[in-house]
Chemist: 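Here it is: the structure, laid out below.
This is a predicted model, so every value here is computed, not measured.
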Amino acid sequence: MTAYVVRRLLGVLAVLLVLSVVVYATFYLAPGDPARLACGPKCDPEQIRQVRSQLGLDQPVYAQYWHFLTGIVTGHDYSTGTGVRHCDAPCLGLSFQSDQPVTDLIVQRLPATASLAAGAMVLWLVIGIGSGLLSVLRRGGVTERVLTWITLAGTATPVFISGIGLLMLFCAYLEWLPFPTYVPLTDDPEQWAWNLLLPCLALALLESAKYARLTRSSLLETLAEDHVRTFRAYGASERAIVGRHALRGALAPVIALTAADFGSMFGNAMLAEAMFGLPGVGQLLVHATQTIDLPVVVGLVMVTGAAVAIANIVADVLYAVADRRVALR
Amino acid sequence: MTELLTVPTGPEAVAAAPASGTRQVWRRLRARKAALAAAVVLGLLVVLALAAPLFAALEGQDPTTYHDALVDSARGGVPVGSFGGISAEHWLGVEPGTGRDLFVRLLYGARVSLAVAVGATVLQVLIGVAVGLAAALGNRIADSVLGHLTDVMVAMPLLVFAIAVTAVVPEGFPRPLLLVVVIGLIAWGAMARLVRAQALGLLNLDYVSAARLSGASTWRIARRELLPGLAAPVITYAAVMLPQNMLNEAAMSFLGVGIKPPTPSWGQMLSSATTWFRADPLYVVLPALMLFVTTFAFTVLGDTVRAALDPREASRLRVGRQRKGGSS
Amino acid sequence: GPKDSGGDAGSADGAGGAPKKGGTLTVLNRAPQKQFDPARLYTSGGGNVPSLVFRTLTTRHRADGAEGTKVVPDLATDTGKPSDDAKVWTYRLKDGLKYEDGSPITSADIKYGIERSFAAELSGGGPYLRDWLIGGESYQGPYKEKKGLDSIETPDAKTIVFHLRKSEGDFPYLATSTQFAPVPKAKDTGTKYAEHPVSSGPYKVVKNTGDGEHLLLERNPNWSEATDKERHAYPDTIDVRSGLSSAVINQRLSTGSGADAAAVTTDTNLGPAELAQVTNDKKLASRVGTGHFAYTNYLAFNPESKPFDDPKVRRAVAYAINRTSVVNAAGGSSLAEPATTFLPNQKPLGHTPYDHFPAGKTGDADKARALLKEAGHPDGLEITLTHSTAANFETGPDVATAVQEALNKAGFKVKLEGLEDNAYEDKVHSVKDQPGLFLAHWGADWPSGGPFLAPIFDGRQIVKDGYNFNAGRLDDAKVNDEIDAINKITDHDAAAKRWGALDAKIGEQALTVPLFHPVYKRLYGKDVKNVVISDWTGVLDVSQVAVK
Amino acid sequence: MTVKSLVSVEGLSVSFPSAGGPPVRAVENLSFSLAPGGALGIVGESGSGKSTAAYALLGLHRGTGADVTGTVRVAGHDVTAAGEAELRRVRGGVAAMVFQDPLSSLDPYQAVGDQIAEVHRIHHRGVSRRAARRRAVEVLDRVGIPDAARRSRSRPHEFSGGQRQRALIAMAVACEPRLLVADEPTTALDVTVQAQILGLLRELREETGMGLVLVTHDLGVAAGNVDELLVMRGGRAVEHGPVREVLRAPREPYTRDLLAAVPRVEVRRAPVAASGGPVLLEATGLRQEFGRGRRSVTAVDGISLTLRAGETVGVVGESGSGKTTLGRMLVRLLQPTAGELRYEGRDIGALGERELRSFRSELQMVFQDPVSSLNPRRSVGESIADPLRVAGRLGEKEIVARVRDLLDRVGLDPDAYHRYPHEFSGGQRQRVGIARALAPSPKVVVCDEPVSALDVTTQAQVVSLLGELQRELGLGLVFIAHDLAVVRQVSDRVVVMRGGCVVEEGVADAVYERPEHPYTRGLLEAVPRVV
Ligand SMILES: Nc1ncnc2c1ncn2[C@@H]1O[C@H](COP(=O)(O)OP(=O)(O)OP(=O)(O)O)[C@@H](O)[C@H]1O
Ligand SMILES: Nc1ncnc2c1ncn2[C@@H]1O[C@H](COP(=O)(O)OP(=O)(O)OP(=O)(O)O)[C@@H](O)[C@H]1O
Ligand SMILES: [Mg+2]
Ligand SMILES: [Mg+2]
């Protein structure tokens, strides 16, 4: 197991290296000049040249890339003009635009995205698994039929449609919920929850439909397995069978999918952030991409890439732990 | 209609699924009313999209002409009249600000949205199948390299790279094609994983060993023995990916990196419409509805095809990645 | 010019009653205050939130409408004493000026603040100091050149003298920018200074988190109201929250629940959809202020490229423009006014009405066709219009398609070339690659004709290897001389008249086709009092607002 | 049929609805009864309705959509008419079931002891969790799980196949039922383990006096373990009577066929003329390791073997002993990790895929699993024609002619060319596999358990077919099987494998009649005999 995890983690490192190279390459092909953007709207060529050298952009690409790599391992010192700013070991550089360490920027933005992602995840797991379970327990009834169509419709509703719909309904017409703004959890937990409810719900609707379908199908599948037949043959009740024997096996693919969805989650969270104006990493990324803020973009891609890859490892390990029949190789 | 979503409950794996003749699949498909309805809706959409100029002529409008008189300039350009300016000339009203005809723009939007979704899916399938097969059939090194490549692609946030790549590509490049290429080139990881896992499963089956014993080359084995077996899961998964790609296009256009005006696409229409949800609800509802109906129809159809071909949840297949060799 | 907006007119008072001190004002903004270093800020008149923390030598007059375009003393006792040729400007500081820590503000601090803005580390400010101060073009800032700039003298702690390369009657306007805020050398932390700049204004920074996303300002006890006639500082606390979408901001301002009742925005306009909604609601409509900011959106030609080297083609374009649909694309008649002059329609800039190529409300397609025929294109003409793909009404696709539509009616066949914003900016400002026809916009750095006309039409400002704004490549000795002559005038009204005349003269050449001047509609919270919107910034002035 | 009888089944019919066709009538008008403490065996070919009938005893068809008519009474309860609650009480409490596949019949996520305790508590209300666990350990100990207290905390995958089956029996014992229904309880197990499990069942019956219904397709298993025998075919009872009578003097022709086809380990092979030709294959010290590092498994550990033309070498051994692995190495589907493999004198052990291609047609294999060895998406004719096509020597017409000829040779209709695998029964598919192996005129054929998936009757047909072909074509055959009797019938020489090694090797009759190794002796003793 340990060897397996170590091997997979090494694979993640390779993946991250490739990702960062791709981002560097992409940015050197992209139009626009980061130095000019950092310099301000009416800079003269001489100033731009100075800023370029200040940002290290006058060095060859491979040197910049090497500088970036060494920063991750050893950290870097940057001149502030009057002194030095130390950027600690997993240093992803300073933002071209605001001279802030990228790690700080990401750490500042993470709570909003994490709140959004975690909130949505809890919602979709609860709603998804709950309705999946319900439709299995009420097999063949009206409940199942209704749930089936609702979830099918749910999977066909992208975030920006459900988002607008929810906004129109709850904020504009009914005025039940506040127009979402991010309130840090540490400031006011209650407001945090109320404000995030809508964006999380918008994100979760799409996903929960998917999870309801998966839970249902994999529950039905485990219910058809031989070991369930054993307990049926010993007089166990349906509830006990589903709850104690089928659900656990059925959840393994749900766990795996949850981790796999971590990646698409970022894409959707980005949309939700753009739609509701939440200060998360998605917004940071969109803005950094538009202003060619290379360190920020590389940093974010590395962090999200690592998160996605590690989530996949966690999924595989959890899956193997949940289902001893699967061997980790 | 409940059987629409009945999931295969037998323990048999996809690969070992009974060889159901194409005719049998057809029969099972036709028996489902929902699938039939979905197919009819999609067919209608395709006809509408292809014949957009015809319908435009029928209405007597075109997608780009401005009608300044039909919008109230002092009130931000909201359409004059009730329900977004619906009238005998403008069947679904006009666009705020410009007065362009919404009906025709929706039809032209269908062309772009459908074309991008289909194109991107085809590209994803081609790349996914090629990479997945190569990983399954190649030696350990090829497998590991391709495996990591797939991991990279899966870890790559599509929207991020879409933003970057669309900025790099020369301006002359046609946008819809660009979107097809971007989505197709980035989001094939899941398909490759599916194909690899499936192919490895098939490779463990004795009929592939038998083919090897008959002296067939690797290429022949891939073509004769593997591809037919992969068709069912690949087609099914493609049906799931297609609406996803339509939404990707819409999401990218929504974030301003997709289709650019004046070319209408549903996603891009929706993105400019969002702020109007109070002042001119119809403007928001129309593209949203089109997008929803199409995605819904594709989902229903894909789901039914999946049930008819008797595959299992595609996601399950990524778990417990088998290695080569395998026991008999 | 700076991305910010300017303003005028119909300001309204919020809730009745006299404004009182106290309470918390919330500012809901889109763009985070990423830059909070006075050296790096590029503002008009010292900015909105920054001017709460940074006092400058002079500042804009905080008054409604055209009064607000006047420049008035701030740290200095007057708006500056020019020498006869307006090349040397002398200021004296008021008495009793202190920083937030109680230490006195000296003229050396102002000199140091200006010098810092030359450092490459702190780039971002306007180009004027570099262009105007003697030695400015090569000075690298105090970190690299400890010696400082000789052209700024501080004979004593209260006096500061500027030596300019040429006559600049507008120097008092420049002195409103944050580069003229004092920075105590001992407290300078270089690029980190922005995290906690030392306040000279009525508020000090208590918290600056999230890369300028959340800024908490509290009363600065060492600010003396007696020395500051312009800022009121009614609220005790100002809480700036940014990174919000404009929809969220306007929605929150209109709902006004909780802290949002005492909220304003300094960077967000009402969009067309929101305007359509607000005008239906009397109560809401009474909470909307209208602002003007010196700004022009126009079509720019490259007269060195075919077919725009032919003035007849350029005039044909000017005649063909349908300003109604262009204005609609920009948000309708409440958010944009059709423009036929390059100078914005504001008196302080010297606006002189003219319409050399009258196109009427919806364009004169026949006239345009005739001109095209005359120019040798009887069967129409294929041209390309370059625009940005950014979703804005300035250079974005909406206005571009409206222009395309009108030109197509007049015999042109317009191809749209939409570029990603960075690519667009690079291309249209490059002398080498500049497209033949593109959407452009220009705003004033202060309410005067100089910064509006000179960069666009002064032949000596054509930049070969950098960003060029003189897209029309006009290099006319007579125009250049007139610009120099007006710059010598220190009487603003006299100068304005001549700027207006110059604009009308240049307009005859059809080097640009003015499209519209934007108008700004600002919504504010229901508990907000003492609303002031000046013609300088077009924004509701945070330093005047009261919430009690 | 007295009230006292433990089981009484009258006029039982079960039919399953099938998509787009008439319902499958799995059991028709079946009647039988069982006295308390008695043992009934149900035998019959695959698909004859044995399991369906057994499931009906516990009302397990309820809720599956199957149509059940007739009455089934177990210890006084009318199973077909009982309410949910009563039925749950019957299940486990009165009658308990042991299923065929011991691995999949236990919840993989829970400790074995917990599962037994859970079932115990269903039928003994008010028993504490702890007491139930104690009872679980007790019954595990009773069925012979060593160190039961500790092992009760293990999960099913940590148990061996035999232990899992014991655990399932323990689960039944924990409920103290009056009837035990065992559906093929030993089919998945090796003969030695099978003998132990059957012994355990016998002991338990003596101890607790419970009745037994034993479903099996192996007449030998039935012979030693039941009092009465019910022979089924096509859902109907063909013959029913005391086990001795039925086996000694079967009345029905079907029963007679069934009995005749059972291979007997005592029977010698009919002598074959043409053995002892030139050496075809020669393996020395073949080794196969799977995986690397600490996790590596040595499936075959240094085996040497010679195969001559016209000769059959039988390979027997328990499951997992490396038989298939050895076979795959011999035809070079697997590359040996070590050792030498010579074919007609040439070392082919380390050749690459490309160099092998010229030999491929001469080394063929018949695969163990008739389901997975045919591509379900290609017609069987195509599959057989494949090697001929690849060789590219024959024209299309000749290929088709040859394939039809081959089909005829293995006893199939030549017109079956265009049919798909799913249209064939298991036995027919195995013949297709043989035809495919013979198509390229090979010199060596490795048959991996070619008959274990088949009924005894079909088994006999396939075995005689192989013998015939060998005589005609002078093939070298390697015949792998775990059924000792079958191997004896076809082999000249026999290799007994265990844990990847050869335990004993020699001329078939010698090994069977005078086994030297204790393991071989154990194997032979454990074989259940019909009479
Ligand atoms: N759930 C079902 N649906 C439809 N047909 C079924 C079902 N279960 C069994 N059958 C059919 O009923 C018949 C009897 O099956 P059953 O499982 O009782 O046979 P069996 O004698 O136990 O065979 P085996 O020895 O292979 O286990 C077979 O033809 C089978 O295909
Ligand atoms: N591809 C593989 N990877 C790892 N281990 C394997 C592989 N194939 C076989 N083994 C292991 O090698 C051993 C021998 O397997 P093999 O299939 O040869 O046994 P067998 O004698 O044919 O058994 P059976 O009678 O069940 O078919 C087993 O322990 C098996 O788990
Ligand atoms: Mg059975
Ligand atoms: Mg085997």
Side-chain angles (χ1 to χ4, degrees), chain A residues 30-55 78-85 94-95 97-100 104-105 108-109 112 167 171-172 175 178-182 184 191 273-280 283-284 287 290-292, chain C residues 1-3 28 30 32 34-35 40 42 116 119-127 130-131 137-138 140-143 188-194 209-213 241-249 251-252 255 257-258 390 419-427 455 463 465-467 469:
Chain A
D33 178 357
R36 188 188 59 69
L37 283 171
C39 189
K42 287 180 189 167
C43 268
D44 62 41
E46 169 56 24
Q47 270 174 296
I48 296 181
R49 207 190 50 71
Q50 281 179 24
V51 171
R52 186 166 297 131
S53 103
Q54 162 76 18
L55 296 177
Y78 291 91
S79 159
T80 64
T82 56
V84 289
R85 178 201 291 271
L94 298 191
S95 157
Q97 292 294 311
S98 66
D99 283 315
Q100 299 282 316
D104 288 3
L105 292 180
Q108 281 162 357
R109 294 296 189 119
L167 266 186
C171 299
E175 298 192 4
F179 220 82
T181 347
Y182 180 66
Q191 280 306 309
E273 283 169 19
M275 162 159 289
F276 297 103
L278 300 174
Q283 233 186 34
L284 183 65
H287 190 254
Q290 279 162 359
T291 55
I292 332 178
Chain C
K3 280 268 149 71
L28 303 174
R30 235 171 356 174
K34 271 180 182 286
Q35 243 64 284
R40 301 192 71 167
Y42 193 161
R116 286 173 86 239
E121 287 89 343
L122 299 174
S123 59
R130 190 169 279 271
D131 288 348
E137 69 279 9
S138 60
Q140 303 219 11
Y143 308 142
D188 184 15
T189 48
T191 55
K192 280 162 116 175
Y193 186 66
T209 56
D211 198 20
E213 212 157 66
R241 308 255 176 188
S242 13
L244 308 170
S245 73
S246 49
V248 169
I249 293 171
Q251 182 65 38
R252 283 177 61 176
T255 313
S257 56
L419 299 181
E420 189 274 334
D421 206 38
N422 286 310
Y424 163 81
E425 295 282 342
D426 282 356
K427 190 163 180 184
V463 187
D465 55 350
Y467 259 40
F469 295 101

Chemist: Could you tell me which non-hydrogen atom of A:V51 sits nearest to which non-hydrogen atom of C:A120, and how far apart they are?
Modeler: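 Reported closest heavy-atom pair: CG2-O, 3.8 Å.
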Chemist: Give, for atom CG of C:N422 and atom CD1 of A:I292, the distance between the pair rounded to the nearest 0.5 Å.
Modeler: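 So the CG of C:N422 and the CD1 of A:I292 are separated by 3.5 Å.
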Chemist: Give, as side chain, backbone, both or neither, the part of A:R49 having an atom under 4.5 angstrom from any heavy atom of chain C.
Modeler: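 A:R49 has no heavy atom closer than 4.5 Å to chain C.
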Chemist: Supply the atom-to-atom distance A:D99 CG to C:Y193 OH, rounded to the nearest 0.5 angstrom.
Modeler: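 So the CG of A:D99 and the OH of C:Y193 are separated by 16.0 Å.
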Chemist: Show the numbers, then the answer: is there a side chain to side chain contact (heavy atoms under 4.5 Å, CB included) between C:E213 and A:Q108?
Modeler: CA-CA 10 Å; C:E213 212 157 66; A:Q108 281 162 357; over 6 Å; no
Chemist: At a heavy-atom separation under 4.5 Å, does C:Y424 approach chain A through its side chain, its backbone, both, or neither?
Modeler: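 Contact with chain A involves no heavy atom of C:Y424 at all.
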Chemist: Please flag which part of A:L37 lies under 4.5 Å from any non-hydrogen atom of chain C: side chain, backbone, both or neither.
Modeler: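 Only the side chain of A:L37 comes within 4.5 Å of chain C.
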Chemist: Could you grab the distance from atom OG1 of A:T80 to atom OH of C:Y143, nearest 0.5 Å is fine?
Modeler: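 The OG1 atom of A:T80 sits 7.0 Å away from the OH atom of C:Y143.
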Chemist: For a quick test of reading the model, state the closest non-hydrogen atom pair linking A:A38 to C:S123 and the distance between them.
Modeler: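 Shortest heavy-atom contact: O-OG, 3.6 Å.
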Chemist: What distance do C:R130 atom CZ and A:Q47 atom CD have between them, rounded to the nearest 0.5 Å?
Modeler: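 If I round to the nearest 0.5 Å, the distance is 3.5 Å.
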Chemist: Taking every heavy-atom pair that is under 4.5 Å apart, which of C:S246, C:A247, C:G190 has the most such pairs with chain A?
Modeler: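 Max contact count across the listed options: C:G190.
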Chemist: If you tally heavy-atom pairs under 4.5 Å against chain A, which of C:D131, C:T255, C:L28, C:V248 wins?
Modeler: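 The candidate making the most pairs under 4.5 Å is C:V248.
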Chemist: Please classify the contact between C:R40 and chain A as side chain, backbone, both or neither, with a heavy-atom cut-off of under 4.5 Å.
Modeler: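 Side chain only.
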Chemist: Side chain to side chain contact (heavy atoms under 4.5 Å, CB included), that's the test. Do A:T291 and C:K34 meet it? Break it down for me.
Modeler: CA-CA 13 Å; A:T291 55; C:K34 271 180 182 286; over 6 Å; no
Chemist: Which atom names give the shortest non-hydrogen contact between C:G466 and A:P45, and what distance separates them?
Modeler: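 Between these two residues, the closest heavy atoms are CA-CG, 3.8 Å.
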